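Residue numbering restarts at 1 for every chain, and letters A, B, ... go by the order of the sequence lines. Because the structure is a prediction, the values reported are computed rather than measured.
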Protein chains: 2
Amino acid sequence: MRYSKLFGKSTRVVSSEIRSRGHEFLIRGGFIRESSAGRFYLLPLGLRVQERICGIIDEEMSALGAQRMLAPVLHPLELWQETKRTESVSFELMRVKDRNTREFVLGGTAEEMMVALVRQFAISEKDLPFCIYQFSTKFRDELRAREFLMKDGYSFHASRDDFEQFYESVKESYFRIFQRMELDAHSVAADNGYMGGDYSHEFIVESPLGESRYLVSEDGAYSAHEDIAAFRRELMNPDEELLPSEVTAAERGISIAAGVEHYKLPAWRQIKSLVFFTEDQEGVLVSLRGDLDVSEAKLMRALGCKQLRLAHEEEVRALGSVVGFVSPLKLKLKKVGDLSLTSVRNFYTGADEWHRDTINVNYGRDFTSDILADIALAADGMASESGSKLRERRGIEVGNIFQLGTWYSEKMAGADFGGSDGLRHPYYMGCYGIGVGRTMATIAEVRSDERGLCWPANVTPFDCHLVSIGKEEEVNAQAEEIYEHLRSEGYSVLYDDRVTSAGIKLADADLIGVRKRVIVSKRLIADSLIEVTSRRDGENIKASRNELCIELERT
Amino acid sequence: MRYSKLFGKSTRVVSSEIRSRGHEFLIRGGFIRESSAGRFYLLPLGLRVQERICGIIDEEMSALGAQRMLAPVLHPLELWQETKRTESVSFELMRVKDRNTREFVLGGTAEEMMVALVRQFAISEKDLPFCIYQFSTKFRDELRAREFLMKDGYSFHASRDDFEQFYESVKESYFRIFQRMELDAHSVAADNGYMGGDYSHEFIVESPLGESRYLVSEDGAYSAHEDIAAFRRELMNPDEELLPSEVTAAERGISIAAGVEHYKLPAWRQIKSLVFFTEDQEGVLVSLRGDLDVSEAKLMRALGCKQLRLAHEEEVRALGSVVGFVSPLKLKLKKVGDLSLTSVRNFYTGADEWHRDTINVNYGRDFTSDILADIALAADGMASESGSKLRERRGIEVGNIFQLGTWYSEKMAGADFGGSDGLRHPYYMGCYGIGVGRTMATIAEVRSDERGLCWPANVTPFDCHLVSIGKEEEVNAQAEEIYEHLRSEGYSVLYDDRVTSAGIKLADADLIGVRKRVIVSKRLIADSLIEVTSRRDGENIKASRNELCIELERT
């Protein structure tokens, strides 16, 4: 490809909505361009990278025995109603009507569509297991990228054991996929959310820009998304004698810190109590140790609800308490307590009156909860359940895999297989996603330097970036000749044939980040040499024409 | 691929809505499956064929210097409003709102999207010409396939001449593309419709199932879609003397045939007059020679309107005439006449009263039209303008190319380039479509026999279909060995490893239509032979294992 002819050449113009360095380089380098907010054109350079990413995923999925197919973009709304996911999906479903006013969903995920296909066939036990996958455009109205290419796979099994074996092999396959793209992805246990099923794993590439917060134990044995990360509640004062509780005056502020200052006692001595309302306007009194924070994700799971909001000051007052002095002792609300409430003897807590506390409160003796569960956020430095210290990390989620169990096959009629026992059974399912666009963006983010992108060997848009320096006829002639030579050897070449300064050409080569740069210049021609530079480490070799291909192959 | 593991194996079940033999084979063979009406899943076999079709198109587009990219599926509605195509597009635009109630169109064609992208760059004359294309899902609510993959390309030029040269090269490229798929496509001049621009060509594969009716001159020099096909209006009676017109009683029926019977004169002697209403309720009196039929497409183009409907009997009466006796002489309506009105001397026509005609009516002397134009349908046997006889054909439209001129670049702000004269000029555009799904369906239609599909070499889903016949261990062992051998030689193999009858396996191989069938059986093993059969012509060769690859390569 001659750079002078490339559609979407590098540009200084940058959209006002730049999110990060990688995003800026992708736009400036001519890989992507925004259409409307969150919807992007893939320019020729960007499409080349995307195709290579898809190629790697495709190979690894095939190696698993998975089969590629493609479902329609528009999903009949009825399918989503069969599983009632129209009510639970957290991103907004985009809906569209056809001329017959039949309603469709622009798919953000395709479990129902795949089950609707599979149930058209009379599946029997000998057809199982199988895995089908597709590369398809997904629509999620809430994300930064609202329209993106995703690889989504769905597996069908006769038994839980068979599923679990496959799930582990997908995990290994995902690690290979990301390794081939030189992405260091961690698998992190995560919440299933609206997907149904019991457990899942996110594949996360560590990055300060990431939206995923997760915790990893120092011994490496445990890693989990903050939404589910478990931690040990150490007994804080197991040897203390239980004291009789009493109500006292407490001229303290309403924050935990104010309690610490007033009593000269650590934060864990206080009970933190908060009132929430669910989507059904049910009030819930939530209590936990003062040094911990509520995890709304865990709390929603414990309550089985879909939304939560903190009560306003007036609502708390109307319930008979006062913000900062709410206690788990008196209010007539559903009570949810964190496991940490059993780890402290002689708590103090508000007394549901302004500037009054109850001291020496003990779980079990003075109060209990309707639900006692893990509803607190894990944080850096806490102990994992096995005792190893947890470390907080941030990263970008590039893939996820979900156990779905029989969540879909039990809700959708006919989603079953004929067993060897002569009966029909719901099949056991899993699903497996990789965000292709997200993966490209992540590589751009973590594999770039201050000058531009540095594409890994397996996803570089071209094998080499040929740059001619100087306007002399002999330079031009040699560059043309090398361009043809490399192409005839099977290399893909981006050839900067522009009549412009060396500075501009070299800066563009750095920006675009093709893995190897090949330079032809008058000075080099004099010595019958060509310069080959690795974009990643800047390693620079002068080679003869015969050595050129060898240098390009060098990692 | 082991057939026992293939997702979407052949099935006897056939959807109630079968359209044709090819469509039935695609469903029964396990290539596609319907989701909702007009929306299909591509199963693994179907996707393999689609990928090969895309591969051929991609190679030929690259050879033209065109560059592949990808635009978002959702087009901002504002773009379609810029060109006012929201009002003119004949298929129903599917619209969707996001959570911010911004409105989008599900693209059926992407001219506005591409111009919106190109105008983000400061294009100058030296950047022109270029052509960008994509493979993307298109949505057209009125078609049999409402969601389908299309290759759509868009070219940008500094001048009309440059465009015309490129347009011709695309035409040649399209012929190569269809030839490589063994489709005999004709290029046929067609109407531009809602696309804007002045001229276009459809690529049509002849088939009685096709929806496109077109006319080809016997000398091959002229071919055109019925919507624009021109023909010569021969002078029918040039030597007749003009007679004075007079009103007479005419106890004839209202059809042209009834006039022929009553007067014992040929149909061309009568003037056929019809009243239409446009979408604005404007009445139009349309007249043409009695042996011709109105082409609504031509008539709409002559009128510059978008819809037409024939007037009811009462509406004609209210206008002061009567159906069957309408004449172009008196009614106070806009009059459109076909060119044929000047080809006959001494017409007869109704006299706007029941059972009264005016005879010896002559165009120019007794009446004229506000618009005299080609508004009649060409039909089999008529003479083309050069005199060669026109023959009517039917076919399936697999591609189309459009001259767009500056239709878009003049309507969309900033859709221009910096010329060498220092000024900005609108660019000259063309666009180029190939329906990928339509192409697959057409191959299935025209390349099948009563037993099933017969895929051409370049789009066959597998290179060969390996079938083992017999349950003996040695048969199985040799089939497995040949399966591995062929794969190691780089062939894609569909291996029917099922434990089922030879009859079922051979019928399925015929149905699926892989180009070459390889049979391993006990009888053949005894002679150290393998049977290779060509699906198309049934040619059958027994080969040794060493000759196997040679036989597979044979066309």
S.K.: Using a 4.5 angstrom heavy-atom cutoff, name the option from B:Ala122, B:Ala71, B:Ser36 with the most pairs to chain A.
M.R.: B:Ser36
S.K.: Which of the residues B:Val73, B:Leu43, B:Leu79 is involved in the greatest number of heavy-atom pairs with chain A at under 4.5 angstrom?
M.R.: B:Val73
S.K.: Applying side chain to side chain donor-acceptor pair (under 3.5 Å), can you list everything that pairs with A:Tyr41, at least two apart in sequence or on another chain?
M.R.: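 A:Tyr41: no side chain to side chain donor-acceptor pair (under 3.5 Å) contacts found.
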S.K.: Chain A heavy atoms under 4.5 Å from B:Arg95: which part of the residue, side chain, backbone, both or neither?
M.R.: backbone
S.K.: Do you know which two heavy atoms are closest between A:Ala37 and B:Arg102, and how far apart they sit?
M.R.: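 Taking A:Ala37 first and B:Arg102 second, the nearest heavy atoms are N-NH1, 4.3 Å.
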S.K.: Among B:Leu42, B:Leu117, B:Leu47, B:Val96, which has the most heavy-atom pairs under 4.5 Å with chain A?
M.R.: B:Leu117
S.K.: Please look at B:Gln134 and chain A and tell me whether the side chain, the backbone, both or neither of the residue comes under 4.5 angstrom of a heavy atom of that chain.
M.R.: neither
S.K.: Donor-acceptor check, side chain of B:Gln120 to backbone of A:Arg33, threshold 3.5 angstrom: yes or no?
M.R.: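 It does not hold such a pair.
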S.K.: Does atom CD of B:Gln165 have more than 12 heavy-atom neighbours, drawn from other residues, nucleotides or ligands, at distances under 6.0 Å?
M.R.: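 Incorrect, the count does not exceed 12.
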S.K.: As a quick check of understanding, evaluate side chain to side chain contact (heavy atoms under 4.5 Å, CB included) for A:Phe130 and B:Leu6, giving each step before the final call.
M.R.: CA-CA 9 Å; A:Phe130 64 88; B:Leu6 181 72; over 6 Å; no
S.K.: Which value, rounded to the nearest 0.5 Å, describes the distance between A:Lys5 atom NZ and B:Lys126 atom NZ?
M.R.: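 One gets 10.0 Å once the value is rounded to the nearest 0.5 Å.
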S.K.: Under a 4.5 Å heavy-atom cut-off, does chain A meet the side chain of B:Met1, its backbone, both or neither?
M.R.: side chain
S.K.: Side chain to side chain contact (heavy atoms under 4.5 Å, CB included), that's the test. Do B:Asp127 and A:Lys9 meet it? Break it down for me.
M.R.: CA-CA 10 Å; B:Asp127 297 312; A:Lys9 284 189 275 293; 3.5 Å; yes
S.K.: Determine the option with the most heavy-atom pairs under 4.5 angstrom with chain A, choosing from B:Gln50, B:Arg48, B:Glu51, B:Arg2.
M.R.: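 When all of B:Gln50, B:Arg48, B:Glu51, B:Arg2 are compared, B:Glu51 has the most.
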S.K.: Heavy-atom distances under 4.5 Å only: say whether B:Thr137 touches chain A with side chain, backbone, both or neither.
M.R.: side chain
S.K.: Quick check for you: to the nearest 0.5 Å, what is the distance between A:His75 atom NE2 and B:Arg39 atom CZ?
M.R.: 11.0 Å
S.K.: If you round to the nearest 0.5 Å, how far is CG of B:Asp98 from CE of A:Met94?
M.R.: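 If I round to the nearest 0.5 Å, the distance is 5.0 Å.
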S.K.: Would you mind checking which part of B:Ile32 comes under 4.5 Å of any heavy atom in chain A, side chain (CB onward), backbone (N, CA, C, O), both or neither?
M.R.: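 B:Ile32 has no heavy atom closer than 4.5 Å to chain A.
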S.K.: Could you tell me which portion of B:Ile132 (side chain, backbone, both or neither) has an atom closer than 4.5 angstrom to a non-hydrogen atom of chain A?
M.R.: side chain
S.K.: Just jot down the side-chain contact (heavy atoms from CB on, under 4.5 Å) partners of B:Ala66, sequence neighbours excluded, or say none.
M.R.: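 Applying side-chain contact (heavy atoms from CB on, under 4.5 Å) to B:Ala66 gives B:Met61, B:Cys131, B:Tyr133.
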S.K.: So is A:Arg68 actually on top of B:Phe7's ring, under 6.0 Å and inside 45° of the axis?
M.R.: no
S.K.: For A:Pro76, is it the side chain, the backbone, both, or neither that has a heavy atom closer than 4.5 Å to a heavy atom of chain B?
M.R.: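 Contact with chain B: side chain only.
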S.K.: Any chance you could lay out the side chain to side chain contact (heavy atoms under 4.5 Å, CB included) test for B:Leu106 and A:Phe104, step after step, and finish with the verdict?
M.R.: CA-CA 12 Å; B:Leu106 282 173; A:Phe104 295 89; over 6 Å; no
